[in-house]
Amino acid sequence: MNYQIKNIPFLRKVLWADFAVGFSVGSIGLGFMNPMASILGLSLNFILWVSIISALYSMLAMRLALMQNISTFLLWVLIYANAVWTAISVGLLYFHFEGATLLGQLFLIVQILVAGALAYIENQQLTKKNAQ
């Protein structure tokens, strides 16, 4: 099925926001792993993997934002990545909530909300092309 983008300027803003959030989480987590582990009450391994995954998907968001003609295929990849990360984050919340500090618990919840919202908003920018 072929898709088209409803509002390219708006989608670019969303993609830049997706990049900014993911890159911020990734770079702060990687740059300050030890303090973040203490502040959030989460393991170094947890901080490392969340940071790497966030940084990687932020690169896809940036790539899409910079494209002259945004690839709907790559946009679908990003949407699914955000949706899968939302589901994984629910699991992370379940397994890590009790051991996390209040800030860590807030991070776990916000991660679900942000990834889910991005997946939803990006998905809303796609519409099926009419058969001609």
Ignoring hydrogens and geometry, is there a side-chain-to-backbone donor-acceptor pair from [X] to [Y] under 3.5 Å?
| X | Y | result |
| --- | --- | --- |
| Arg12 | Asn7 | no |
| Ser89 | Leu92 | no |
| Gln4 | Thr127 | no |

Euclidean distance, [Y] [atom2] relative to [X] [atom1], rounded to 0.5 Å:
| X | Y | atom1 | atom2 | result |
| --- | --- | --- | --- | --- |
| Ile47 | Ile52 | CD1 | CD1 | 11.5 Å |
| Leu108 | Leu40 | CG | CG | 8.0 Å |
| Phe46 | Phe95 | CZ | CZ | 12.0 Å |
| Leu74 | Ile79 | CG | CD1 | 11.0 Å |
| Leu15 | Ile121 | CG | CD1 | 11.0 Å |
| Leu75 | Leu60 | CG | CG | 8.5 Å |

Do you know which two heavy atoms are closest between [X] and [Y], and how far apart they sit?
| X | Y | value |
| --- | --- | --- |
| Gly26 | Ser54 | N-CB, 4.1 Å |
| Tyr57 | Leu78 | O-CD1, 3.9 Å |
| Leu42 | Ala100 | CD2-CB, 3.9 Å |
| Tyr3 | Lys129 | O-CE, 3.6 Å |
| Ser58 | Asp18 | CB-O, 4.4 Å |
| Ile70 | Leu64 | CG1-O, 3.6 Å |

Requested in this report: Please step through side-chain contact (heavy atoms from CB on, under 4.5 Å) for the pair Asn123 and Tyr80, ending with a clear verdict.
Outcome: CA-CA 9 Å; Asn123 185 56; Tyr80 282 116; over 6 Å; no
Query raised in the report: Angle class for the Phe19/Phe23 ring planes (parallel below 30°, perpendicular above 60°, tilted otherwise)?
Result: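 Judged by the thresholds at 30° and 60°, the geometry between Phe19 and Phe23 is parallel.
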Requested in this report: Taking atom NZ of Lys13 as the centre, report whether more than 12 heavy atoms of other residues, nucleotides or ligands fall under 6.0 Å from it.
Outcome: no
Are [X] and [Y] connected in the hydrophobic side-chain network, where two residues link if heavy atoms are under 4.5 Å apart?
| X | Y | value |
| --- | --- | --- |
| Tyr120 | Leu126 | no |
| Val84 | Phe73 | yes |
| Leu118 | Ile53 | no |
| Trp85 | Val114 | no |
| Val21 | Leu30 | no |

Query raised in the report: Are the side chains of Leu11 and Lys6 in touch, meaning some heavy atoms are under 4.5 Å apart?
Result: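 The answer is no, as the side chains (C-beta and beyond) never meet within the 4.5 Å cut-off.
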Query - Contacts of type side chain to side chain donor-acceptor pair (under 3.5 Å), residue Asn45, not counting sequence neighbours - result: Trp49
